[in-house]
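Numbers for residues simply follow the sequence, beginning at 1. Worth knowing before you read on, the calculation uses all heavy atoms, side chains too, and leaves out hydrogens, waters and symmetry mates.
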Amino acid sequence: QVQLVESGGGSVQAGGSLRLSCAANTRTHPTSCMGWFRQAPGKERERVAIVHTYNGASDYADSVKGRFTILTDIPKPTVYLQMNGLKPEDTATYFCAATGSSGGRCPEAARDYGHWGQGTQVTVSS
């Protein structure tokens with residue numbers, strides 16, 4: 001049973017920074033892909049950033065490129081989302097997710113991730 005434990009989040013003003021952490025309880029195939037998704041009220045859950053925990057390959061949503069960085073601590077594995085230059089539109093509940101990779105690649109759609117954290121709120125005020 002894969003368990004994902006999130007920490008971080010909170011409230012900041014626009015332009016500020018936050019760091020999210022997600023620790024998995026196992027480093028096996030089901031956690032070879034880990035990432036962060038977010039969901040704002042009334043909107044669908046969207047991909048923020050994903051990383052292959054074995055080869056380090058990462059991918060970002062266009063809306064966060066250049067501002068967010070996903071980092072992985074391979075032995076654990078733990079993934080971090082460093083969020084800089086936060087904007088009010090980044091306000092959402094952020095979820096950590098994990099799934100097994102296919103052909104060394106990680107899926108981009110939330111529906112392809114079978115393991116989820118409890119979510120942590122990020123609020124950015126203008």
Open item on the list: Less than 6.0 angstrom from the centroid, inside 45 degrees of the normal: does Arg38 satisfy that with respect to the ring of Phe95?
Closed with: no
- [ ] For the residue pair Thr99 and Asp112, confirm or rule out a side-chain donor-acceptor distance under 3.5 Å.
- [x] no
TODO: Give a yes-or-no answer on whether the side chains of Glu6 and Thr120 include a donor-acceptor pair shorter than 3.5 Å.
DONE: no
Rounded to the nearest 0.5 Å, how far apart are [atom1] of [X] and [atom2] of [Y]?
X	Y	atom1	atom2	answer
Trp36	Arg47	CH2	CZ	15.5 Å
Cys106	Ile50	SG	CD1	5.5 Å
Arg105	Asn55	CZ	CG	10.5 Å
Gln121	Ser11	CD	OG	7.5 Å
Gln82	Ser21	CD	OG	9.5 Å
Ser58	Leu71	OG	CG	9.0 Å

Open item on the list: Is there a side chain to side chain contact (heavy atoms under 4.5 Å, CB included) between Asn84 and Phe68? Walk through the geometry before answering.
Closed with: CA-CA 6 Å; Asn84 298 326; Phe68 292 10; over 6 Å; no
Task: Evaluation steps, side chain to side chain contact (heavy atoms under 4.5 Å, CB included), between Tyr94 and Leu81 - done: CA-CA 10 Å; Tyr94 284 67; Leu81 186 67; 4.3 Å; yes
Within a strict 4.5 Å, meaning less than it, do heavy atoms of the [X] and [Y] side chains meet?
X	Y	result
Asp90	Arg67	yes
Cys96	Val79	yes
Leu86	Leu18	yes
Met83	Ser17	no

Please give me the minimum heavy-atom distance between [X] and [Y], naming the atom from each residue.
X	Y	value
Pro30	Val2	CB-CG2, 3.8 Å
Gly104	His52	O-CD2, 3.4 Å
Pro88	Ala14	CD-CB, 4.1 Å
Leu4	Met34	CD2-CE, 4.0 Å

I'd like to know if the side chain of [X] reaches the main chain of [Y], judged simply by a donor and an acceptor atom lying under 3.5 Å from each other, with no hydrogens or angles considered.
X	Y	value
Ser32	Ser101	yes
Thr53	Thr31	yes
Tyr113	Pro107	yes
Thr123	Thr91	no

Task: Over 12 non-hydrogen atoms of neighbours within 6.0 angstrom of CD in Glu44 - done: no
- [ ] Would you check if the distance from the ring center of Trp116 to the ring center of Phe37 is below 6.0 Å?
- [x] yes
TODO: Take Tyr80 and Thr69 through the side chain to side chain contact (heavy atoms under 4.5 Å, CB included) test and state the conclusion after the steps.
DONE: CA-CA 8 Å; Tyr80 307 91; Thr69 303; over 6 Å; no
Open item on the list: What verdict does the side chain to side chain contact (heavy atoms under 4.5 Å, CB included) test give for His115 and Gln3, after you've listed the backbone C-alpha separation in whole Å, the side-chain angles of each residue and the deciding distance to 0.1 Å?
Closed with: CA-CA 7 Å; His115 308 286; Gln3 294 181 333; over 6 Å; no
Open item on the list: Would Asp62 and Lys65 count as a salt bridge (charged side-chain N to carboxylate O under 4.0 Å, His left out) here? Give the steps.
Closed with: CA-CA 5 Å; Asp62 289 342; Lys65 283 181 180 177; 3.2 Å; yes
